[in-house]
Amino acid sequence: MRDFMKISRSVAVAERGMVATSHPQATLAGIEILKGGGNAMDAAIAAIAVQGVVEPQMTGIGGDCFALYSKAGAAPVALNGSGRTPAATNPDKYAFGNYKEVPPTSPEAVTVPGAIDAWCRLSADYGSKSLDEVLQPAITAAEEGFCVTPRVAYDWNKTRDRLETNEAARDHFLPSGKAPAAGDLRRQPALGRTLRKIASMGRDGFYASEVAEEIVGILRSLGGAHSLDDFSAQASDYVTPISAPYRDYEIAECPPNGQGLAALMMLRILSGFDLKNISEADRIHLLAEASKAAYRARDAFFADPQFAPIDSSRFLSEQYIGAIRSKISMAKSSSVEHWDGIEHRDTVYVTVVDRDLNAVSLINSLFSLFGSGIYAPKSGVLLHNRGWGFRPKPGHPNSLAPGKRPMHTIIPGMGLRNGKVVLSFGVMGGHYQAVGHANLVSNILDLGLDIQAACEAPRSFAFDGTLSLETTIAHSVRDDLQARGHNVQWATSPIGGCQAILIDHERGVLFGASDHRKDGLALGY
């Protein structure tokens with residue numbers, strides 16, 4: 001039981017349904033769908049659609065989506081809803097000269113958005129309500145307006161420079177030349193009209209209508225190679241989840257082109273150590289060493305498997321993992337690895353479990369804050385910039401190529417015990433997400449924290465030669481880590497954000513969590 005004298009939040013407890021998101025309005029939308037007879041998939045799509053309206057800096061229908069779904073305690077299935085580059089993409093456009101990355105505001109950074117195809121596919125295969133009913137909360141928020149919440153206002157103002165790169169985006173998102181403040185009322189009527197079109201026409205309302213025509217026209221005017229055929233061809237893929245044991249649980253992730261494999265590698269490395277009976281500095285050190293090792297493999301090999309097949313079992317084998325463990329010194333930090341790509345940052349995550357214990361773990365993203373900054377004003381669609389993640393270098397597994405998906409950082413997760421899903425979870429925060437998954441699972445299974453406390457616990461992140469610590473970590477811990485050779489810095493902003501739902505199958509009880517780093521909450525009924 002938590003210490004009720006300390007500033008924290010109790011875990012949410014319910015029996016008939018639970019929704020956890022990073023925005024109160026999205027959580028409430030999901031709950032209302034559940035109370036109205038909808039199932040977990042209906043509620044998850046309703047919630048993520050609302051977030052595309054009320055958290056426009058993080059997500060939207062111009063982005064991508066990944067999901068894990070478990071039907072009433074069964075093993076999960078995975079959906080890859082990420083988009084591909086245009087068929088006419090020139091892979092040499094940024095291959096020569098001084099390009100270290102695909103420019104983040106360029107049309108090449110915009111792969112065909114996959115979110116709407118994913119939502120429609122999931123709704124048709126696993127939902128119980130019509131898409132028209134499921135999208136109504138988002139339509140209402142777009143047309144009638146929503147109040148900007150504090151974290152959204154903070155992000156909006158912090159990244160206004162991205163919006164100023166595009167005249168249409170600037171006019172829409174920076175009225176009177178400034179970002180909205182917390183409590184300001186915002187409307188997105190053009191987005192509302194597009195959501196209505198999708199509600200009535202399904203995926204064709206986005207990929208085979210004037211919406212696609214406007215987006216393609218804008219991208220081509222900027223030098224992009226996109227075509228209407230590229231949009232009509234977009235299709236999500238069901239893929240087999242990958243998994244690895246941790247303690248007496250099995251942790252499931254989506255396979256590459258996501259980085260879920262890196263999270264499983266970290267857990268496999270950590271499983272060889274006693275994380276319960278060691279100091280906080282020791283735990284942070286071990287997590288940092290596991291992170292560096294997993295990211296070395298990720299950055300060298302993870303990509304679209306249709307272009308660069310990857311044997312996940314090799315990276316999770318005891319031979320591979322044991323060799324990494326044997327090189328970890330508790331007294332000294334290993335050599336740093338500097339990331340030569342770009343920073344993967346912004347997304348939203350939702351998880352829902354319904355009365356029948358169907359569980360959804362779903363993540364949706366624009367990539368960086370406000371994505372590419374390229375905005376289609378008639379349809380109200382802000383386009384993501386996942387193509388920024390490609391490497392310009394020819395021959396790299398994640399190099400730019402026609403019809404290719406980039407390596408993604410966004411990853412939903414699930415935990416199973418005795419073949420049943422007992423934990424549905426996700427951690428927002430770009431590159432941090434794989435580390436966040438490993439850390440959250442360890443907080444629950446090694447330290448015995450309830451899922452709310454596990455989400456709230458102080459975070460660290462070893463990346464690009466620096467070990468960042470949240471300021472809630474003690475100075476003595478920082479000093480210990482510095483003495484081991486880590487380049488320690490205090491984090492200048494919160495590291496990631498988390499939502500989780502724990503299923504108690506014996507009692508039929510659901511426990512929900514959403515951490516303080518975002519505006520959201522977990523709510524059940």
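In this structure, S123 contributes its side chain and W119 its backbone to no donor-acceptor pair below 3.5 Å. Side-chain atoms of T27 do not come within 3.5 Å of backbone N or O of A20 as any donor-acceptor pair. A donor-acceptor pair under 3.5 Å is formed between the side chain of D42 and the backbone N or O of N39. Under a 3.5 Å cut-off, the side chain of T194 and the backbone N or O of S379 do form a donor-acceptor pair. Put simply, the side chain of N364 never gets that close to the backbone of A115: no donor and acceptor are under 3.5 Å apart. One N or O on the side chain of Q259 and one on the backbone of T409 form a donor-acceptor pair closer than 3.5 Å. Judged by distance alone, with hydrogens and angles left aside, the side-chain atoms of T85 form a donor-acceptor pair with the main-chain N or O of G403 at under 3.5 Å. At least one donor-acceptor pair under 3.5 Å links the side chain of H396 to the backbone N or O of D299. The closest donor-acceptor contact from the side chain of R220 to the backbone of H226 lies under 3.5 Å. A side-chain donor-acceptor contact under 3.5 Å links R84 to the backbone of A235.
The number of heavy atoms from other shown groups lying within 6.0 Å of CD (E167) does not exceed 12. Shown here is K93, whose NZ atom has more than 12 heavy atoms of other residues, nucleotides or ligands within 6.0 Å. Around atom NZ of K35, no more than 12 heavy atoms belonging to other residues, nucleotides or ligands sit under 6.0 Å away. With a 6.0 Å radius and a threshold of 12 heavy atoms from other residues, nucleotides or ligands, R16 has its CZ atom at or below the threshold.
To the nearest 0.5 angstrom, F463 atom CZ is 3.5 Å from H431 atom NE2. In this structure, CZ in F367 is found 13.5 Å from OG1 in T59, a value given to the nearest 0.5 Å. Interatomic distance, NE2 of H23 versus CG of L28, reported as 11.0 Å (0.5 Å rounding). The CZ atom of R391 lies 11.0 Å from the CD atom of E101; values are rounded to the nearest 0.5 Å. Of the inter-residue distances, the one linking Q433 atom CD with C498 atom SG reads 10.5 Å to the nearest 0.5 angstrom. Rounding to the nearest 0.5 angstrom, the gap separating the CD1 atom in I374 from the CD1 atom in I215 is 10.5 Å.
Taking all atoms of both residues into account, the shortest heavy-atom contact from A109 to P103 is CB-O, 3.5 Å. The two residues G62 and V381 make their nearest non-hydrogen contact at CA-CG1, 3.8 Å. Between P24 and L521, the shortest heavy-atom contact is CA-CD2, 3.4 Å. Of all heavy-atom pairs spanning I218 and A376, the tightest one is CD1-CA, 3.6 Å. The minimum heavy-atom distance linking S424 with T351 is given by the pair OG-OG1, 2.6 Å. Residues P86 and D230 share a closest heavy-atom pair of CB-OD2, 3.3 Å.
Between N385 and L383, the closest side-chain pair of non-hydrogen atoms is not below 4.5 Å. Side-chain contact between R203 and I198 is absent, with no heavy-atom pair separated by less than 4.5 Å. Taking the side chain as every heavy atom from C-beta outward, M201 and V211 never approach each other to under 4.5 Å. With a 4.5 Å cut-off on side-chain heavy atoms, Y349 and S361 count as touching. Contact check for Q499 versus S514: side-chain heavy atoms found under the 4.5 Å cut-off. Contact of the L362 side chain with the C65 side chain is registered, since non-hydrogen atoms from C-beta on lie closer than 4.5 Å. At least one side-chain heavy atom of R517 sits under 4.5 Å from a side-chain heavy atom of E470. Side-chain contact between P189 and E143: absent, with no pair of heavy atoms (C-beta onward) separated by less than 4.5 Å.
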Exercise. Mind running side-chain contact (heavy atoms from CB on, under 4.5 Å) on L228 and E213 for me, showing each step along the way?
Key: CA-CA 7 Å; L228 291 176; E213 291 174 1; 4.0 Å; yes
Exercise. Could you please spell out the steps behind the side-chain contact (heavy atoms from CB on, under 4.5 Å) verdict for M414 and L423?
Key: CA-CA 5 Å; M414 282 185 167; L423 180 65; over 6 Å; no
Exercise. Evaluate the side-chain contact (heavy atoms from CB on, under 4.5 Å) criterion for residues Y525 and R355: first the C-alpha distance (whole Å), next the side-chain angles of each, then the deciding distance (0.1 Å), finally the verdict.
Key: CA-CA 10 Å; Y525 82 105; R355 62 174 63 83; 2.7 Å; yes
Practice problem: Please test K197 against E210 for side-chain contact (heavy atoms from CB on, under 4.5 Å), starting from the C-alpha separation and ending with a verdict. | Solution: CA-CA 10 Å; K197 192 179 300 293; E210 58 267 32; 2.9 Å; yes
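A side chain to side chain donor-acceptor pair (under 3.5 Å) with R405 holds for exactly one of D304, N257, D64, D237; it is D237. Tested against Y99 for a ring-ring contact (aromatic ring centres under 6.0 Å, His included), the candidates Y94, F390, W388 yield a single pass: Y94. The side chain to side chain contact (heavy atoms under 4.5 Å, CB included) test with Q234 singles out one residue from V112, T111, I116, and that residue is V112.
With hydrogens and angles left out, the side-chain atoms of S82 and N80 include a donor and acceptor closer than 3.5 Å. Residues Y69 and D125 bring no donor and acceptor atom of their side chains to less than 3.5 Å of each other. Defined by atom type and a distance below 3.5 Å, a donor-acceptor pair is present between the side-chain atoms of Q188 and H172. Under the 3.5 Å distance criterion, with hydrogens and angles disregarded, a donor-acceptor pair is assigned to the side chains of Q51 and S22.
Judged by the 6.0 Å and 45° rule, R151 forms no cation-pi pair with Y154.
At a threshold of 4.0 Å, the pair D117-R121 does not count as salt-bridged, since none of the basic side-chain nitrogens sits closer than that to a carboxylate oxygen. Salt bridge status for E55 with K518: absent, with no side-chain N to carboxylate O gap under 4.0 Å.
A distance below 6.0 Å separates the ring centres of F173 and Y375.
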